[in-house]
J.: 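Provided herewith is a single structure, encoded as structure tokens, for subsequent inquiry.
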Amino acid sequence: MASRVNICAVDILDNPSTFSSQFKLEITFEVFEHLPHDLEWELVYVGSAESSAYDQVLDSVLVGPVPEGRHKFVFTADAPEPSKIPQQDIVGVTVLLLRCKYNEQVSCDILNDGISYSHLIFQEFINLGWFVSNDYEDPELKENAPSKPLLDKVNLNQSICFSNVLNSNFKELVL
């Protein structure tokens, strides 16, 4: 069975930028049949290759219900919180992930009070990733980087590499 959602393009706006700048992604996607529930888009900054405990969900947005056709929106998320990243991992290369999940409402039991409750199940089906290079603009600091990053005194230049997009399509989106 063919995919019901296809990402056509993701344009990283304001690239390169400083470490403290917001991420702005213009996302264009196609839906091949009406989706009655939300798509959840999530932007994740990988804080360290050593452990996912340092990953930061920068923001998430629900889009839906989604009619058949081509759609475009700008997803804006705040920069990662440097205090949640190991100091040795702030300068260097990391990964930015864009995930998409389908939100389906599922009914639950009817309780004694006669009220029916429901909950949401999210099925992840798209995971795109880009390498992000964080480096100092000052040539002297590039050559002799301090052991503790100087975020408050020196802007880190953040460049997202387009030539190395990582794409993981999970199992088919099930409605």
Side-chain angles (χ1 to χ4, degrees), residues 5-30 38-64 66 70-103 120-170 173:
V5 177
N6 180 47
I7 294 182
C8 305
V10 178
D11 295 321
I12 310 291
L13 308 177
D14 301 335
N15 183 40
S17 64
T18 62
F19 185 82
S20 60
S21 297
Q22 288 186 320
F23 289 98
K24 296 177 189 166
L25 288 73
E26 183 179 75
I27 301 168
T28 305
F29 66 100
E30 293 177 298
D38 293 331
L39 289 173
E40 179 184 25
W41 298 87
E42 183 178 78
L43 194 62
V44 177
Y45 185 89
V46 175
S48 175
E50 301 299 319
S51 171
S52 62
Y54 299 106
D55 292 0
Q56 294 181 46
V57 176
L58 301 179
D59 205 350
S60 65
V61 62
L62 296 175
V63 176
V66 186
R70 187 174 280 238
H71 307 277
K72 182 187 292 189
F73 69 100
V74 175
F75 186 1
T76 302
D78 288 335
E81 178 58 48
S83 65
K84 296 179 180 179
I85 302 170
Q87 286 186 3
Q88 69 273 13
D89 291 327
I90 289 177
V91 177
V93 177
T94 189
V95 174
L96 184 67
L97 299 172
L98 176 65
R99 297 178 177 153
C100 188
K101 304 173 189 178
Y102 185 63
N103 171 358
L120 302 176
I121 295 176
F122 291 94
Q123 175 191 350
E124 185 172 343
F125 66 95
I126 294 173
N127 196 3
L128 293 175
W130 295 267
F131 291 111
V132 177
S133 176
N134 294 314
D135 205 354
Y136 290 104
E137 292 177 329
D138 183 323
E140 176 64 30
L141 286 172
K142 281 185 177 187
E143 288 295 319
N144 301 305
S147 58
K148 183 177 180 182
L150 302 174
L151 293 174
D152 57 336
K153 295 183 181 178
V154 178
N155 285 334
L156 286 175
N157 188 37
Q158 188 167 68
S159 180
I160 300 173
C161 305
F162 289 104
S163 59
N164 296 317
V165 176
L166 312 169
N167 183 3
S168 297
N169 285 316
F170 296 98
L173 172 61

J.: Between Tyr45 and Val57, is any pair of side-chain heavy atoms under 4.5 Å apart?
T.: no

J.: Kindly indicate whether the side chain of His71, heavy atoms from C-beta on, has any atom under 4.5 Å from the side chain of Val66.
T.: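 Result yes, sub-4.5 Å side-chain heavy-atom pair found.
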
J.: Indicate yes or no: at least one non-hydrogen side-chain atom of Leu43 is less than 4.5 angstrom from one of Ser60.
T.: no

J.: Would you confirm whether Tyr136, through its side chain, and Leu150, through its main-chain N or O, come within 3.5 Å as a donor-acceptor pair?
T.: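 It does hold such a pair.
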
J.: Give, for atom NZ of Lys24 and atom CG of Asp11, the distance between the pair rounded to the nearest 0.5 Å.
T.: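 That separation rounds to 14.0 Å.
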
J.: When you compare the side chain of Asn15 with that of Trp130, does any pair of heavy atoms fall below 4.5 Å?
T.: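 A side-chain contact is absent here, since even the closest heavy-atom pair is not under 4.5 Å.
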
J.: Go through the steps for Val63 and Phe73 under the test side-chain contact (heavy atoms from CB on, under 4.5 Å), then give the verdict.
T.: CA-CA 9 Å; Val63 176; Phe73 69 100; 4.3 Å; yes

J.: NZ of Lys72 to OG1 of Thr28: how many Å apart, nearest 0.5 Å?
T.: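 Separation between the atoms: 4.5 Å.
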
J.: Please report the C-alpha distance between Phe29 and Trp41 in whole Å, then the side-chain angles of each, then the deciding distance to 0.1 Å, and finally whether the ring pair (Phe, Tyr, Trp, His ring centres under 6.0 Å) criterion is met.
T.: CA-CA 12 Å; Phe29 66 100; Trp41 298 87; 5.2 Å; yes

J.: Find the distance between OG (Ser21) and CG (Leu13) and round it off to the nearest 0.5 Å.
T.: 12.5 Å

J.: Just verifying a value: how many Å separate Asn134 CG and Phe19 CZ, rounded to the nearest 0.5 Å?
T.: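 Between atom CG of Asn134 and atom CZ of Phe19 there are 5.5 Å.
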
J.: side-chain contact (heavy atoms from CB on, under 4.5 Å), that's the test. Do Cys8 and Arg70 meet it? Break it down for me.
T.: CA-CA 9 Å; Cys8 305; Arg70 187 174 280 238; 3.6 Å; yes

J.: What I'd like to find out is whether the side chain of Arg99 reaches to under 4.5 Å of the side chain of Ile126, using heavy atoms alone.
T.: no

J.: Check for a donor-acceptor pair, side chain of Asp138 on one end and backbone N or O of Glu140 on the other, with a separation under 3.5 Å.
T.: yes

J.: Could you grab the distance from atom CG of Leu128 to atom CG of Leu98, nearest 0.5 Å is fine?
T.: 5.5 Å

J.: Quick one: does Leu96's side chain get under 4.5 Å of Val44's, heavy atoms only?
T.: no

J.: Measure the spacing between NZ of Lys101 and CG of Asn127 and express it to the nearest 0.5 Å.
T.: 9.5 Å

J.: Can you confirm whether Val46 sits close enough to Asp55 that some side-chain heavy atom of one is under 4.5 Å from a side-chain heavy atom of the other?
T.: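 Yes. Closest side-chain heavy atoms under 4.5 Å.
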
J.: Extract all donor-acceptor atom pairs below 3.5 Å that involve side chains of residues 75-93 and protein atoms in other chains or at least two apart in sequence.
T.:
from, atom 1, to, atom 2, distance (Å)
Asp78, OD1, Gln22, NE2, 3.0
Glu81, OE2, Ser83, OG, 3.2
Asp89, OD2, Ser48, OG, 2.8

